[in-house]
Amino acid sequence: GENVEQHPSTLSVQEGDSAVIKCTYSDSASNYFPWYKQELGKRPQLIIDIRSNVGEKKDQRIAVTLNKTAKHFSLHITETQPEDSAVYFCAATANFGNEKLTFGTGTRLTIIP
Amino acid sequence: DTGVSQDPRHKITKRGQNVTFRCDPISEHNRLYWYRQTLGQGPEFLTYFQNEAQLEKSRLLSDRFSAERPKGSFSTLEIQRTEQGDSAMYLCASSLSGSGNTIYFGEGSWLTVV
């Protein structure tokens, strides 16, 4: 089955700086890669996703890049703000219909004011 | 609120007791998922339904676990003879089948087995 590894497990950045979180996956058939943000005691919320037919996607301060050859994808947050502090999870699935997501272990991002 | 709703939000039970969680998906969503999340870990897939059919079950879903979605709307997840290792947050999610459709999560049901 799919295995997703995520690094780093914790990340602290100064407000206004950029944050990068990286994930690798094992199943070359994986074709959908979402990123979820989870605040303490709250539900995971989708913040951005990318499909295997594109290499990069951007939404305001958030971007995701995908390298299919190396089987890794990354989340980039620019101009970080205190409200970006949360746990971020990457996920992957080999089914375009999103039946089953395999999640990484999460990155706790802390933005230092 | 038109999101995924779960009940109860918190449950404390004694080891050996049975517990049941309910999930109401977003109304037009035909797919419903159950995940389990322990502290410091990402959600782990348990099972999913398309309408009333249970299409896949993880090896994590032991014989003590059963999930149903009898009318293709709400779903229940029952854990029989709870063990301390069952303590976790049980997340329900839903989506509309077809490519490109987002999976939306509920707030989760926290289970503590004492």
Return the CG to OH distance between Leu101(A) and Tyr35(B), rounded to the nearest 0.5 Å. 4.0 Å
Is it possible for you to say whether Leu32(B) and Leu46(B) belong to one hydrophobic cluster, with membership spreading through side-chain heavy-atom contacts below 4.5 Å? yes
For atom CZ of Arg15(B), decide whether the heavy atoms of other residues, nucleotides or ligands shown that lie under 6.0 angstrom number more than 12. no
From OG1 (Thr102(B)) to OH (Tyr32(A)), nearest 0.5 Å: 5.0 Å
Of the backbone (N, CA, C, O) and the side chain (C-beta and beyond), which part of Gln37(B) lies under 4.5 Å from a heavy atom of chain A, both, or neither? side chain
Neighbour count above 12 (heavy atom, 6.0 Å) for Gln60(A) CD: no
Among Gln38(A), Arg108(A), Gln45(A), which residue has the highest count of heavy-atom pairs closer than 4.5 Å to chain B? Gln38(A)
Closest approach of Gly106(B) and Pro44(A), non-hydrogen atoms and distance? O-CD, 4.4 Å
Using a cut-off of 6.0 Å, state whether more than 12 heavy atoms not belonging to Tyr104(B) lie near its atom OH. no
Say whether Leu109(A) and Ile47(A) are linked into one hydrophobic cluster, either directly or through other cluster members, by side-chain heavy-atom distances under 4.5 angstrom. yes
Please look at Gln6(A) and chain B and tell me whether the side chain, the backbone, both or neither of the residue comes under 4.5 angstrom of a heavy atom of that chain. neither
So which heavy atom on Thr105(A) is nearest to which on Gln41(B), and how close? CG2-OE1, 3.6 Å
Taking CD in Glu68(B) as the centre, count heavy atoms belonging to other residues, nucleotides or ligands within less than 6.0 Å. Is the count above 12? no
When heavy-atom pairs shorter than 4.5 Å are enumerated against chain A, which of Pro43(B), Ser58(B), Gly108(B) gives the highest number? Pro43(B)
